[in-house]
Amino acid sequence: MEAVAGPGGGVLVRRRRTLTTVVRRLAEGTALVAALSFGLFWLLARMPGDPLDALLATDPGLTTTDIAQLRKAQGLDDPIPVRYGRWLRRLVVERDPGFSRVHKRPVLEVLQGRTTSTLKLMAGALGLSLALAIPIGALSAIRRHTVFDHGITLMTFAGLSIPAFWLGLVAIITFALWLPLFPAGGSPTPGAGLLEQLRFLALPMLVLAFETTGGWTRYVRASATEALGSDYVRTARAKGLPESTVVLRHGLANALVPLATVVALSGPGLFSGAVVTETVFAWPGMGRLLYDSVLGTDHAVALTSFLTLATLTILFNLLADLAHSWLDPRAQLP
Amino acid sequence: MRPRPPFWEGERSRPIGRFLGHLPAAIGASILGVTLLVCLVAGGEPPGLQGQNLEMRFLAPSFGHPLGTDELGRDVVGRILQGGRVSLVVGLVGALAGTLLGIAVGATAALGGSLLDSLLMRLTDAFLALPLLPLLIVLSAVDPAARLDRFLTAHGLVTAGPVGDSSLANILLLVALFGWMHTARVVRATCLSLAGTEFVLAARVLGASAFRVVTRHILPNATAPILVAMTLGVGRVILYESALSFLGLGIQPPVASWGNMLAGAQEALWRAPWLAISPGAMILLTVLAVNFVGDGLQEACDPGGRPG
């Protein structure tokens, strides 16, 4: 009986419940990824023009009979569920998601380093976004209904309304074309120093952070407003604590807890934004790879990179939920 | 010594008055109205490749061409108006379709028994947890509208329709397919909370069917949140459409859309940077206006909803 233990519960009860929830969420996530993988495999397999048609078009020495034989030998004539089963078995048993038609290399080799690149970009954007949203939101809450506050509200709306790719173009025009401070795109040469890496990361990071910063600022503002109007803040003031302690230790600290949920909800959006940002800035991450492979009909790579992105998103959501329940012991894991 | 709230946040009793008194919403509504009107009225002619003049490529903004000319020598103002038509139609129709789907899913979940309910709500959670744009990118590559059309034709559900350029249908299909979740939650919550009320009971006692109870008695009570979700949906759909078109997976040239105009501008970024400004500014302005209207609606319908 979970209800008897109550939301506070004992430490052990809580820990066990958290564990059960994590296991359940992981199982759900796995099921979702599996369903997605089958759905996409099926859709991609039914696309007109399989790899061998492309081969036929490029190699005049091949006849249709050769192709038919090759197709049979590679099992491309089998029903889609059979082919999916074979693909899945190779993925699970041999950790081999297939062969890239365009790159002429195993998909795993093509993927190498891409996930790290995307995570680097996302971590940078996330950090920047938090570093901007928390102080700006708090200041906005303290100075409610001033010009500063209205300006910030307008900015947050702009953050939610601006197309990320256009912001990227504007950033390139401003900071690469007019003021040549940063490179317009691309990635640092391997082994470059931290500063050089940051130079390449700066613009994509800024663009990716802009969207989330808007929403988060609004949220910090709302919850800080609520906290600052609460009884415990009045008590803290009445005790004669300095205003900075009241605002930072009593008001803001409590206002920040629910931010974890909002950060969690931004996960899918961040990964979506990463795709656009990486494409505009030619950042060699997962999103760019997905886009290139979809355009180049490189189905094995498209499937794998999409599933990687989906898995990362689901894990991100779970982690953020865990962070929330750790920060706020009253919260129930969903 | 609380600062005086700005005049647009003053007390007003009726929702309409509150909406009109909400300055950003009023501004947003007028911007939206003007954009819609101008694009629909003036954006009629000449579509696509007409009006190109290769001797006038990449002209800087001037009196004759206030926003310059593009890579085929077409006037950018004219292209913006045509593109606006596409973007606005996709935004409105796509959000409407998503809302209808959401109402259907939400009502089915609330009324269809606990098994169906938990199944549909899990599905909603799953859809919300997905990285939308990557999914849209993969799906738009498989040409879903043409497939659906073939499927329906093959099963005799529709007579063979012309499958020409299906990019518009693709976009609409995809944004509707992934734009129903918020509405579904709102509708489900309203249905569940009103299911036990006396007026619903009265309607059922009088012999009203489940469909009638939902459409005539429950949904009118959810009009406000549905309207807000749909308005915000319009902005979201416009952003997704423009992103997909920018990536070359949405509206295909020569038909103009703000997104694919930016794709063309990106290729000429070093030569004609001004081309990359106006279409994006139009997207920003429109989506901003939509979001202001949504915010105003929300506040008008639920004045206590926003703290501060």
Side-chain angles (χ1 to χ4, degrees), chain A residues 28-29 32 35-36 40 43-44 46-47 141 144-146 150 154 157-158 160-167 169-170 172-173 177-178 184 221-223 225-226 229 265 267-276 279-280 286-287 290-291 294-295 297 302-303 305-306 309-310 312-314 317 334, chain B residues 2-6 9 24 28 122 125-126 128-144 147 232 235-236 238-240 242-243 246-249 258-259 262-263 265-266 269-270 273-274 276-277 279-281 283-292 295 306-308:
Chain A
E28 278 174 16
L32 182 58
L36 276 174
L40 284 180
L43 281 173
L44 290 174
R46 296 192 43 147
M47 288 274 280
R144 240 173 324 140
H145 302 306
T146 59
H150 291 311
L154 193 67
F157 265 102
L160 296 173
S161 312
I162 208 162
F165 57 94
W166 181 63
L167 190 63
L169 292 181
V170 172
I172 292 176
I173 292 176
L177 199 61
W178 288 345
R221 178 187 182 274
S223 71
T225 305
E226 201 185 321
L265 288 175
L270 262 177
F271 279 99
S272 285
V275 176
V276 174
T279 310
V280 172
M286 223 55 203
L290 174 76
Y291 172 65
V294 165
L295 279 197
T297 60
L303 192 60
S305 50
F306 174 75
L309 275 175
L312 285 176
T313 313
I314 290 167
N317 281 346
Chain B
R2 193 168 175 275
R4 202 163 59 89
E9 286 181 12
R122 280 285 148 80
D125 289 342
L128 281 171
L130 288 174
L132 198 48
L133 199 64
L135 197 58
L136 290 182
I137 287 176
V138 176
L139 287 181
S140 60
V142 301
D143 206 2
R147 276 158 179 265
L232 298 176
R236 217 173 33 236
I238 292 180
L239 282 181
Y240 278 118
S242 62
F246 173 73
L247 294 172
L249 295 162
W258 290 335
L262 283 169
Q266 190 193 16
L269 200 59
W270 305 99
W274 61 85
I277 302 299
I283 303 173
L284 174 61
L285 198 66
T286 312
V287 179
L288 200 60
V290 169
N291 284 343
F292 275 147
D295 196 52
R306 201 178 78 169

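Throughout, protein chains are lettered first and strands after them, A, B, ... in sequence-line order, and every chain is numbered starting at 1. Since the structure is predicted, the reported quantities are computational estimates derived from the model, not experimental observations.
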Provide the closest heavy-atom pair for V280(A) versus Q266(B) in the form atom of the first, atom of the second, distance.
-> O-NE2, 3.7 Å
Can you name the nearest heavy-atom pair linking A276(B) to I173(A), along with the distance?
-> CB-CD1, 3.9 Å
From CD1 (I137(B)) to OG1 (T279(A)), nearest 0.5 Å = 6.0 Å
Report the C-alpha separation of D295(B) and F157(A) in whole Å, then their side-chain angles, then the decisive distance to 0.1 Å, and conclude whether the side-chain contact (heavy atoms from CB on, under 4.5 Å) test is met.
-> CA-CA 10 Å; D295(B) 196 52; F157(A) 265 102; 3.6 Å; yes
Measure R122(B) against the heavy atoms of chain A and call it side chain, backbone, both or neither at under 4.5 Å.
-> side chain
A265(B) versus chain A, heavy atoms under 4.5 Å apart: side chain, backbone, both or neither?
-> neither
So CG of L40(A) and CG of L139(B): to nearest 0.5 Å the spacing works out to 6.0 Å
Would you call V138(B) and L303(A) a side-chain contact if the rule is heavy atoms closer than 4.5 Å?
-> no
Pairwise side-chain contact, L133(B) with V276(A), heavy-atom cut-off 4.5 Å (strictly under) | yes
Here the gap from L160(A) atom CG to R236(B) atom CZ, rounded to the nearest 0.5 Å, amounts to 11.5 Å
Rounding to 0.5 Å, atoms CG (L284(B)) and OG (S161(A)) come to a distance of 6.5 Å
Is there a side-chain contact between I283(B) and I162(A), using heavy atoms and a 4.5 Å cut-off?
-> no
L295(A) side, atom CG; L247(B) side, atom CG - distance, nearest 0.5 Å = 8.0 Å
Could you tell me which non-hydrogen atom of L32(A) sits nearest to which non-hydrogen atom of A126(B), and how far apart they are?
-> CD1-CB, 3.6 Å
Do side-chain atoms of S272(A) reach the backbone of L132(B) as a donor and acceptor pair under 3.5 angstrom?
-> yes
Assert top hit (heavy-atom pairs under 4.5 Å, partner chain A, pool G248(B), P131(B), S242(B)) equals P131(B)
Rounded to the nearest 0.5 Å, the CZ atom of F306(A) sits from the CG atom of L130(B) at a distance of 6.0 Å
May I ask you to decide if the ring planes of F246(B) and F165(A) are parallel, tilted or perpendicular, using 30° and 60° as cut-offs?
-> parallel
Against chain A, label L136(B) side chain, backbone, both or neither, depending on which of its atoms sit under 4.5 Å from a heavy atom there.
-> neither
Using non-hydrogen atoms only, which part of L249(B) is less than 4.5 Å away from chain A: side chain, backbone, both, or neither?
-> side chain
